[in-house]
Q: 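Can you read through this structure? Questions will come right after.
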Amino acid sequence: MNVQVLTLQFGLEGQGKLTVKQIAQKFNFSHSKVRSAHGQGMKALRREQDEIKNYLVS
């Protein structure tokens, strides 16, 4: 779910960016659940930041 939230929030699949409210409505979640998923997803990305940079450079 974290990946889906980040994908929608940043418009990574060629779609427009969605707000927290729009994402919450789409999945029938509370705003806090969406924000929590966003935070967890960002934390995971930060943890893998060096590997992501290496991948993008190569």
Side-chain angles (χ1 to χ4, degrees):
M1 181 178 92
N2 302 341
V3 172
Q4 292 172 320
V5 168
L6 292 177
T7 300
L8 293 171
Q9 203 161 23
F10 293 110
L12 299 177
E13 291 185 340
Q15 304 164 341
K17 298 178 182 180
L18 296 182
T19 64
V20 172
K21 182 178 180 180
Q22 291 170 323
I23 296 169
Q25 289 174 343
K26 181 177 181 78
F27 293 115
N28 197 28
F29 290 151
S30 66
H31 290 108
S32 61
K33 178 96 172 172
V34 173
R35 289 199 185 279
S36 174
H38 172 88
Q40 290 172 0
M42 293 302 291
K43 186 176 180 179
L45 287 173
R46 284 187 198 102
R47 201 171 38 244
E48 301 298 329
Q49 185 174 3
D50 291 336
E51 289 191 36
I52 293 169
K53 282 181 186 177
N54 290 336
Y55 173 77
L56 293 174
V57 170
S58 61

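For the numbers below, each heavy atom of this structure counts, side chains included, while hydrogens, waters and symmetry mates do not. Everything numeric in this text was worked out from a predicted model, so none of it was measured.
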Q: With distance as the sole test, does Thr7 use its side chain to make a donor-acceptor pair with the main-chain N or O of Val3 at under 3.5 Å?
A: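 Side chain of Thr7 to backbone of Val3, a donor-acceptor pair under 3.5 Å: yes, one is there.
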
Q: Measuring from atom CE of Met42 to atom CZ of Arg47, what distance do you get when rounded to the nearest 0.5 angstrom?
A: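 The CE atom of Met42 sits 12.5 Å away from the CZ atom of Arg47.
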
Q: Using modelled atom types only, decide if a donor and an acceptor are shared between the side chain of Gln40 and the backbone of Ala37 within a distance under 3.5 Å.
A: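 Flag not set: sc Gln40 to bb Ala37 has no pair under 3.5 Å.
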
Q: Could you work out the complete set of other residues in the hydrophobic cluster of Ile23, with links drawn between I, L, V, M, F, W and Y side chains under 4.5 Å apart?
A: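 Met1, Val5, Leu8, Leu18, Val20, Phe27, Phe29, Val34, which link up through side-chain heavy atoms under 4.5 Å apart, make up the rest of the cluster.
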
Q: Is it true that atom CG of Asn28 has more than 12 heavy atoms of other residues, nucleotides or ligands lying nearer than 6.0 Å?
A: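 Not more than 12 within 6.0 Å, no.
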
Q: Do other residues, nucleotides or ligands put more than 12 heavy atoms under 6.0 Å from the CD atom of Glu48?
A: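 Atom CD in Glu48 is crowded, with more than 12 foreign heavy atoms closer than 6.0 Å.
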
Q: How long is the span from the CG atom in Leu45 to the CD1 atom in Ile52, to the nearest 0.5 Å?
A: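 With rounding to 0.5 Å, CG (Leu45) is 5.0 Å from CD1 (Ile52).
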
Q: Check the pair His38 / Gln9 against side-chain contact (heavy atoms from CB on, under 4.5 Å), numbers first and verdict last.
A: CA-CA 9 Å; His38 172 88; Gln9 203 161 23; 2.6 Å; yes

Q: Gln25: which residues meet the side-chain hydrogen bond (donor to acceptor under 3.5 Å, both in side chains) condition with it, sequence neighbours left out?
A: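 For Gln25 there are no side-chain hydrogen bond (donor to acceptor under 3.5 Å, both in side chains) partners, ignoring immediate neighbours.
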
